[in-house]
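Have a look at the structure below before the remarks.
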2 protein chains.
Amino acid sequence: MKDLLLAHINRHISLTNVEEEEFKGIIAEKKVFRKSFLIESGVMVNELYYVVEGCLKAYYVDDLGNKHILQFAIEDWWITDFNALHNNIPAELYIEAIENCTVLAISTVALEELYIRIPKFERFFRILYTNAFIALRKRVMSSLHRTNSIRYLEFFERYPNIERRVTNYHIANYLGITAESLCRIRRDLGM
Amino acid sequence: MKDLLLAHINRHISLTNVEEEEFKGIIAEKKVFRKSFLIESGVMVNELYYVVEGCLKAYYVDDLGNKHILQFAIEDWWITDFNALHNNIPAELYIEAIENCTVLAISTVALEELYIRIPKFERFFRILYTNAFIALRKRVMSSLHRTNSIRYLEFFERYPNIERRVTNYHIANYLGITAESLCRIRRDLGM
DNA sequence: GATTTTCATTGACTTAAGTTAATGAAAAAT
DNA sequence: ATTTTTCATTAACTTAAGTCAATGAAAATC
């Protein structure tokens, strides 16, 4: 279970067995059932989650009560309310399981201590956030300057094989368009 | 000149005088004149830039020859083609000076060496990229789910006092809307 | 200082996407 | 197994934003 995460980390840094064991000490396995929440708006957030199995969505609810999906997370993805976590403010996001999930929770307090003892982890998360930043830049370019039809196709590159795991309504919401509009796109694409 | 950057860095980590001197050794001051380029599409990128003075834009040109502005950078901002830099691929972006600029260039090869000698820098850039990632998430939320009118107002929070430094055409392009549409927004807002 | 280029704005028209409403199919709940 | 809820799709209509074209003002260039 935890080995999946260690393999993920070892793609960027090399840990000794002792370091791996120390890291295992600050992560905890959690089960999240379909339709239940990992984070709800208003709570304080002090964990980062790595998805071992399952599918989740991060969304916020605006003043009019409309949901807006910001992110999905499937196997090998990270998810949390990053803004709340890093700025110590109450969560704005809901993180809800779309399927029954297994995640690994990392407490950031423990992680901060680990950074001091093993700076390699600082390196790992530097690389992780750099990559996440670059991926989001591409998403910004795409959302501002590409047609919805192309953005729909790009979505499947970003979340491979997610078709049967989330509804078209979810995908439309993530893309910031209506389900009806997505439906027309699918028709025009012959899907 | 370089002290501005050191003050910026010392907001997140504490450097000794020796470490500051060592860091100064890997940064170089560069002047960029209005309408000239820091990066052009197709070149290899190996520097990260911190803006001491002036204003720049990062844009790409699509298949139809249309420009799309992804980012502005003013004093105390960082800019480069992050994707090209971190993945060692040719630049997709142009980074062009809108005003005569003074920037500090940091070679990433030298920076990588510095990370090993002084892991605190790894920490600094972890925090920097984390904050950049969080800021981009907010931008994604905004671009997908807010009205253009609100996004126009948010733009000025993000780039304070930029009004007289960039044209409305630039702002419209950054927001992914037409200059005419922005004009109507300004009219409706009584601007 | 004169000329050229860029910029902001407006109007008329077109197009893409949102809204509302209805339907049968699929999935979930009991 | 039956009922209830959610989901995908379609159509008719509305709205917001894009396109095209023209104008004077402002800025940049010579």
Side-chain angles (χ1 to χ4, degrees), chain A residues 32-36 54-55 57 59 62-69 72 96-101 142-156 162-191, chain B residues 32-36 54-55 57 59 61-69 72 94 96-101 142-156 162-191:
Chain A
V32 203
F33 294 103
R34 193 177 127 75
K35 295 200 175 178
S36 65
C55 180
K57 61 182 172 185
Y59 64 89
D62 69 19
D63 306 336
L64 302 168
N66 299 315
K67 282 189 190 179
H68 302 285
I69 299 175
F72 295 103
E96 183 185 334
I98 294 176
E99 305 168 353
N100 293 338
C101 296
S142 185
S143 68
L144 292 176
H145 306 296
R146 297 232 213 292
T147 65
N148 290 334
S149 174
I150 288 171
R151 294 176 55 229
Y152 177 63
L153 295 172
E154 284 176 348
F155 175 80
F156 293 112
I162 208 174
E163 296 96 303
R164 275 172 227 91
R165 304 177 74 175
V166 299
T167 65
N168 285 335
Y169 169 79
H170 278 132
I171 299 174
N173 190 292
Y174 173 91
L175 295 173
I177 62 179
T178 60
E180 292 86 346
S181 185
L182 184 66
C183 216
R184 287 176 206 135
I185 287 166
R186 288 166 53 81
R187 195 218 305 127
D188 297 346
L189 288 170
M191 295 174 85
Chain B
V32 202
F33 294 103
R34 192 176 127 77
K35 296 201 175 176
S36 65
C55 181
K57 61 183 172 185
Y59 63 89
V61 178
D62 69 19
D63 306 337
L64 302 167
N66 299 314
K67 283 188 192 181
H68 302 286
I69 298 174
F72 295 103
Y94 292 85
E96 182 184 334
I98 293 175
E99 305 168 352
N100 294 339
C101 296
S142 185
S143 67
L144 292 177
H145 307 296
R146 298 232 213 291
T147 65
N148 290 334
S149 174
I150 288 171
R151 294 177 56 229
Y152 177 62
L153 294 172
E154 284 176 349
F155 175 80
F156 293 112
I162 208 176
E163 296 96 304
R164 275 172 226 93
R165 303 177 76 173
V166 299
T167 65
N168 285 336
Y169 170 79
H170 278 132
I171 299 174
N173 190 293
Y174 173 90
L175 295 173
I177 62 178
T178 61
E180 293 89 340
S181 186
L182 185 65
C183 215
R184 287 175 204 135
I185 287 166
R186 288 166 53 81
R187 194 217 305 129
D188 297 347
L189 287 170
M191 295 173 87

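The figures that follow rest on heavy atoms only: side chains count, while hydrogens, waters and symmetry mates do not.
OP1 and OP2 of dA16(D) both lie 4.0 Å or more from every side-chain N or O belonging to N148(B). Listed pair N168(B) / dC7(C) fails the phosphate criterion, with no side-chain N or O lying under 4.0 Å from OP1 or OP2. One finds a side-chain N or O of K35(B) lying less than 4.0 angstrom from the OP1 or OP2 phosphate oxygen of dT29(D).
Listed here is the closest heavy atom pair of F33(A) and A97(A): O-CB, 3.5 Å. Closest of all the heavy-atom pairs between Y59(A) and I69(A) is CB-CA, 3.7 Å. Residue Y174(B) comes nearest to L144(A) through the heavy atom pair O-CD1, 3.3 Å, listed as atom of the first residue, atom of the second, then distance. In terms of heavy atoms, K67(A) sits closest to N173(A) at O-ND2, 3.0 Å.
Between the R165(A) side chain and the G54(A) main chain, a donor and an acceptor come within less than 3.5 Å of each other.
For Y169(B) and dT19(D), the OH to P distance is 11 Å, given to the nearest whole Å. Counting to the nearest Å, the P atom of dG18(C) and the CG atom of N173(A) are 11 Å from each other. Across the protein-nucleic acid pair, I177(A) atom CD1 and dT15(C) atom P stand 21 Å apart, rounded to whole Å. To the nearest angstrom, C1' of dA28(D) lies 17 Å from CZ of F33(B). Atom pair L64(B):CG and dG18(D):P shows a separation of 16 Å (rounding to whole Å applied).
Within residues 178-188 of chain B, the residues having any heavy atom under 4.0 Å from DNA chain D are, by residue number, T178(B), E180(B), S181(B), R184(B).
In this structure, H145(A) and H68(B) have tilted ring planes: the angle between them lies in the 30° to 60° band.
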